[in-house]
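A quick write-up on the structure given underneath.
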Amino acid sequence: MLLLGLMAVYDVLLVQARHAAEASSAELTLGIARALAAHLDERIADVDAVLAQADRSAPQPGERQGADAALAALLIGRPELRAILVTDAAGLVTRSANASWAGADLGGSP
């Protein structure tokens, strides 16, 4: 009888510990998701600001197109951005932070 009572107490404690672990796991997952969402919001806002700066630094009609030092400068300190490309309506790269992309045709890419 004593053994049966001890088994019942152990079972109750085990169920409570499992429930506490599940609740803790759910809280940790929610916390990580919130932190990730905040980080992504910050990065997206930064990219939006960079693109707005890139738009303001666009060359005037008739100015040189291709590799653009102003675009390259916008990438400094922003590891989330690897390149900034500006294309015309047909998908031809008209401005690029990297000279290797200048003149590339992205119009056929999905």
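Note that these values count all heavy atoms, side chains included, but never hydrogens, waters or copies made by symmetry. Numbering of residues begins at 1 and proceeds along the displayed sequence.
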How long is the straight-line distance from [atom2] of [Y] back to [atom1] of [X], given to the nearest 0.5 Å?
{"X": "Ile44", "Y": "Glu80", "atom1": "CD1", "atom2": "CD", "result": "10.5 Å"}
{"X": "Gln53", "Y": "Leu51", "atom1": "CD", "atom2": "CG", "result": "9.5 Å"}
{"X": "Asp41", "Y": "Asp46", "atom1": "CG", "atom2": "CG", "result": "12.5 Å"}

In terms of hydrophobic clusters joined by side-chain contacts under 4.5 Å, are Val86 and Leu92 together? no
My understanding is that only residues two or more places apart in sequence, or in another chain, count here; which of them pass side-chain contact (heavy atoms from CB on, under 4.5 Å) with Leu75? Leu81, Ile84, Ala97
Side chain to side chain donor-acceptor pair (under 3.5 Å) filter on Thr29, not counting sequence neighbours, yields none
If you compare all heavy atoms of Asp105 against all heavy atoms of Ala90, which two are closest, and at what distance to 0.1 Å? OD1-O, 4.0 Å
Salt bridge (charged side-chain N to carboxylate O under 4.0 Å, His left out) partners of Glu42, counting only residues at least two apart: none
